[in-house]
Amino acid sequence: MSFQLGSFNAASVSGLKAILQEWPMLPPEVHLDSLAAGDGALFYRARLTQKEWVFRLELTGSDIDDVMTKADQISGAINPKRYGLQTFKPNAGGAWEWSGVASSPVRWDRDDVLWFSDQGICRLHGEVTILTPDPYGYIQGDNVTISSAGDLVLTGQGNDTFYPTVLFRGVLNSAQSVNVGGTIVTGPLTSAQQMVLDFQNLDFYIRLTATPTTKVRNVADRITALNRLEGSGSLTVPVSVSAGTFTQAIGSVRSRRIC
């Protein structure tokens, strides 16, 4: 099993094998309180913590210069100080993506047999740990679109709950509002703008349709009712306006996977 970290793909390095030692499962941190009297403990809470992915590395070259050059290239390509947190994809994870960083130095040891081999090869062994501070893997689902008031039926692909993102286009004045699954946001909103309600990051804002990277303003101060939408498997989100024009609503799901 190999991996990708940012632009680095272990499978593309000639002579390199990156073997995952174990697939990290649910990473819980359990908090217990001692009982004032008696045996045992009182369960307080649990939360999910970071994951560690440990890969055993085998690196083969034609001679010592070749294998050392490859080792330097690998260390440079996953340098955490240089690149920081990047997209991480173990190849057994399919299209799922994590955000990871190399959390330990790669320590190379020479092979006892094939260090200077009469077969014309030289081999090193090493290990690297990829840390994913957010334990969840993510995959982006397809958009679901409606062009008039109605329901967005959203489906997740993971084994944990998800928080959707809903984009609304229409025309509202300051006395009119849009209702997205119980979250009500007042205008104004023009035909050149989009209202984005990101329930995962709790980021609610207006952006320009022509240049979606341009945020006009945050609309948290215009929320008169908040219902943080969360789904498991599937989620139906009714979208309507109190008045004004309903042009389009687009719902999407960034599914989460915990193992």
Side-chain angles (χ1 to χ4, degrees), residues 1-30 46-142 156-160 162 200 254-259:
M1 176 188 290
S2 61
F3 67 90
Q4 296 178 46
L5 182 65
S7 61
F8 173 74
N9 187 342
S12 68
V13 179
S14 175
L16 175 64
K17 293 181 180 179
I19 305 165
L20 183 64
Q21 297 302 283
E22 64 180 28
W23 187 274
M25 301 298 285
L26 198 68
E29 181 180 279
V30 178
R47 69 185 185 94
L48 300 180
T49 61
Q50 69 274 5
K51 285 182 178 179
E52 289 188 342
W53 309 69
V54 181
F55 290 86
R56 182 166 61 87
L57 306 177
E58 294 181 3
L59 183 61
T60 303
S62 59
D63 54 35
I64 188 169
D65 289 335
D66 183 38
V67 80
M68 291 304 297
T69 297
K70 291 177 180 178
D72 287 344
Q73 291 173 345
I74 294 167
S75 295
I78 62 174
N79 186 334
K81 182 178 177 63
R82 182 177 180 185
Y83 297 107
L85 204 62
Q86 301 182 88
T87 299
F88 167 67
K89 298 175 66 174
N91 71 345
W96 291 87
E97 296 183 354
W98 285 258
S99 292
V101 62
S103 64
S104 64
V106 182
R107 304 185 190 280
W108 295 105
D109 297 316
R110 67 184 190 180
D111 189 281
D112 292 337
V113 177
L114 299 179
W115 175 234
F116 292 109
S117 171
D118 56 8
Q119 301 175 36
I121 61 175
C122 186
R123 180 172 294 165
L124 296 174
H125 294 283
E127 185 177 274
V128 64
T129 299
I130 306 299
L131 176 71
T132 52
D134 180 348
Y136 291 102
Y138 294 91
I139 190 170
Q140 185 65 46
D142 296 331
Q157 303 177 52
N159 60 5
D160 207 319
F162 61 83
Q200 177 168 331
R254 192 171 180 235
S255 298
R256 302 193 299 177
R257 169 178 174 168
I258 193 56
C259 61

Please report the shortest heavy-atom distance between [X] and [Y], naming the atom on each side.
X: Ser12; Y: Asn9; value: OG-O, 2.6 Å
X: Ala77; Y: Phe8; value: CB-CD1, 3.6 Å
X: Met68; Y: Leu124; value: SD-CD1, 4.0 Å
X: Leu48; Y: Pro135; value: CB-CG, 3.9 Å
X: Leu5; Y: Ala102; value: CD2-N, 4.3 Å

[X] (side chain) donor-acceptor with [Y] (main chain) under 3.5 angstrom:
X: Gln21; Y: Ile19; result: yes
X: Lys51; Y: Pro27; result: no
X: Lys17; Y: Thr60; result: no

State, yes or no, whether a side-chain contact exists between [X] and [Y] at a heavy-atom distance under 4.5 Å.
X: Ser103; Y: Thr129; result: yes
X: Val101; Y: Tyr83; result: no
X: Phe88; Y: Trp53; result: yes

Legend entry - Derivation and outcome, side chain to side chain contact (heavy atoms under 4.5 Å, CB included), residues Asp134 and Ser99: CA-CA 7 Å; Asp134 180 348; Ser99 292; 5.7 Å; no
Inset, instruction - Using the six-membered ring wherever Trp is involved, compare the ring planes of Trp98 and Trp23 and label them parallel, tilted or perpendicular (cut-offs 30° and 60°). - result: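 Ring orientation of Trp98 relative to Trp23: perpendicular.
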